[in-house]
Amino acid sequence: QMRLVESGGGSVQAGGSLRLSCAASGFTFVTYCMAWFRQIPGKEREEVAVINRGDRGGSADYADSVKGRFTISRDDTKKTLDLQMNSLKPEDTAMYYCAADPPNCRGTIGSFIATLWGQGTQVTVSS
């Protein structure tokens, strides 16, 4: 069974850091593009960061709102996806979701088609 499980959310003050992790199982992780999305209640889910297939070099792409502050990374041996979030702002407050895009993915912001989602982890940044 294909599954994604996020962890690492929490509360932090503005300017602080958090690291999110996503554990994958049930599929050939290295051949999937992976991404982090976030969603605020009442708004559409927003693409935050995308990383290409591990067997294509795992290049990363970011939304303009997080460029220079967030870093997406993958460990294909451990089948994990991480999101290091630095210089957090109150507007980063959201539920964060890990997602997978099958092997025919392009691995860039705007092209990601999520076919598998995690349950989400809450990030709250206070001013």
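One is the number of the first residue; the rest follow in order along the sequence. Below, all heavy atoms of this structure are taken into account, side chains as well, without hydrogens, waters or symmetry copies.
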Q: Give me the atom names and distance for the closest heavy-atom approach of G58 to I51.
A: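 Minimum heavy-atom separation between G58 and I51: O-CG1, 3.2 Å.
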Q: On a heavy-atom basis, which atom in G9 and which in V123 lie closest, and how many Å separate them?
A: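 Closest approach of G9 to V123: CA-CG2, 4.3 Å.
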Q: Taking all non-hydrogen atoms of both residues into account, name the closest pair between G26 and M2 and its distance.
A: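 Closest heavy-atom pair between G26 and M2: O-CG, 3.5 Å.
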Q: Please find the pair of heavy atoms, one from S17 and one from N86, that lie closest to each other, and give the distance.
A: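 Minimum heavy-atom separation between S17 and N86: OG-OD1, 2.9 Å.
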Q: Testing the 3.5 Å rule here: is there a donor-acceptor pair between the side chains of T108 and S111?
A: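 Short answer, yes.
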Q: Backbone N or O of V125 within a donor-acceptor pair of the T93 side chain at under 3.5 Å?
A: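 Yes.
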Q: Determine whether the aromatic ring centres of Y62 and F70 lie less than 6.0 Å apart.
A: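 They do not qualify: ring centres at least 6.0 Å apart.
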Q: Taking the side chain as C-beta and beyond, is there a heavy-atom pair between L4 and M34 under 4.5 Å?
A: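 Yes, side chains in contact.
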Q: Which value, rounded to the nearest 0.5 Å, describes the distance between I109 atom CD1 and E46 atom CD?
A: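 Reported to 0.5 Å precision, the distance equals 8.5 Å.
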Q: With respect to Y96, which candidate in E6, R38, Q122 satisfies the side-chain hydrogen bond (donor to acceptor under 3.5 Å, both in side chains) definition?
A: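 Answer after filtering E6, R38, Q122: R38.
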Q: Show your working on side chain to side chain contact (heavy atoms under 4.5 Å, CB included) between K89 and S65 and close with a plain yes or no.
A: CA-CA 10 Å; K89 304 174 181 180; S65 58; over 6 Å; no
Q: Side-chain contact test, heavy atoms from C-beta onward, threshold under 4.5 Å: evaluate it for D82 versus I72 and give yes or no.
A: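 D82 does not reach I72 side chain to side chain.
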Q: Is the distance from the ring center of F37 to that of W117 below 6.0 Å?
A: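 Distance test on ring centres: under 6.0 Å, yes.
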Q: Honestly, is R74 close enough over F29, meaning NZ or CZ under 6.0 Å from the six-membered ring centre and within 45° of the axis?
A: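 Yes, R74 and F29 form such a contact.
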Q: Does any part of the side chain of R53, heavy atoms only, come nearer than 4.5 Å to the side chain of P103, both counted from C-beta?
A: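 P103 reaches R53 side chain to side chain.
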Q: If two hydrophobic side chains count as joined below 4.5 Å and joins carry through other members, does M95 share a cluster with L83?
A: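 No, M95 does not connect to L83 through the hydrophobic network.
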Q: So, is the end of the R45 side chain (NZ or CZ) under 6.0 Å from the ring centre of Y97 and within 45° of the ring's axis?
A: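 Cation-pi check for R45 and Y97: passes.
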Q: Honestly curious: do F112 and F27 fall in one hydrophobic cluster under the side-chain, below-4.5 Å linking rule?
A: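 As far as the 4.5 Å side-chain criterion goes, F27 and F112 are not connected within one cluster.
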Q: Is there a side-chain contact between W36 and L81 in this structure, where contact means two heavy atoms from C-beta onward sitting under 4.5 Å apart?
A: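 A side-chain contact under 4.5 Å exists here.
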Q: Which is it for S25 and K79 under the side chain to side chain contact (heavy atoms under 4.5 Å, CB included) test, yes or no, and what are the steps along the way?
A: CA-CA 7 Å; S25 60; K79 296 188 179 181; 6.0 Å; no
Q: Does M85 share a hydrophobic cluster with V12, counting links as ILVMFWY side-chain heavy atoms below 4.5 Å and allowing steps through other members?
A: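 Result: yes, single cluster for both.
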Q: Can you name the closest pair of heavy atoms from L88 and L18 and give their distance?
A: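 Closest approach of L88 to L18, heavy atoms only: CD1-N, 3.8 Å.
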Q: Are the side chains of S127 and E91 in touch, meaning some heavy atoms are under 4.5 Å apart?
A: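 The answer is no, as the side chains (C-beta and beyond) never meet within the 4.5 Å cut-off.
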Q: Any side-chain heavy-atom pair from R56 and C105 closer than 4.5 angstrom?
A: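 Answer yes - side chains close enough.
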Q: Are T31 and D55 close enough that some pair of their side-chain heavy atoms sits under 4.5 Å apart?
A: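 In short, these two side chains touch, coming nearer than 4.5 Å.
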Q: For residues P102 and I113, report the shortest heavy-atom separation together with the two atoms involved.
A: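 In terms of heavy atoms, the two residues are closest at CD-O, 3.9 Å.
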Q: Looking only at side-chain N and O atoms, does T80 offer a donor or acceptor that is under 3.5 Å from a partner on D75?
A: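 Result is no, nothing qualifies.
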Q: Find out whether Q119 and V5 are in side-chain contact, i.e. whether some heavy atom of one side chain is under 4.5 Å from a heavy atom of the other.
A: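 Touching, per the 4.5 Å side-chain cut-off.
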Q: Decide yes or no on salt bridge (Lys or Arg N to Asp or Glu O under 4.0 Å) for D92 and R69, but give the supporting numbers first.
A: CA-CA 11 Å; D92 294 319; R69 301 188 299 122; 2.7 Å; yes
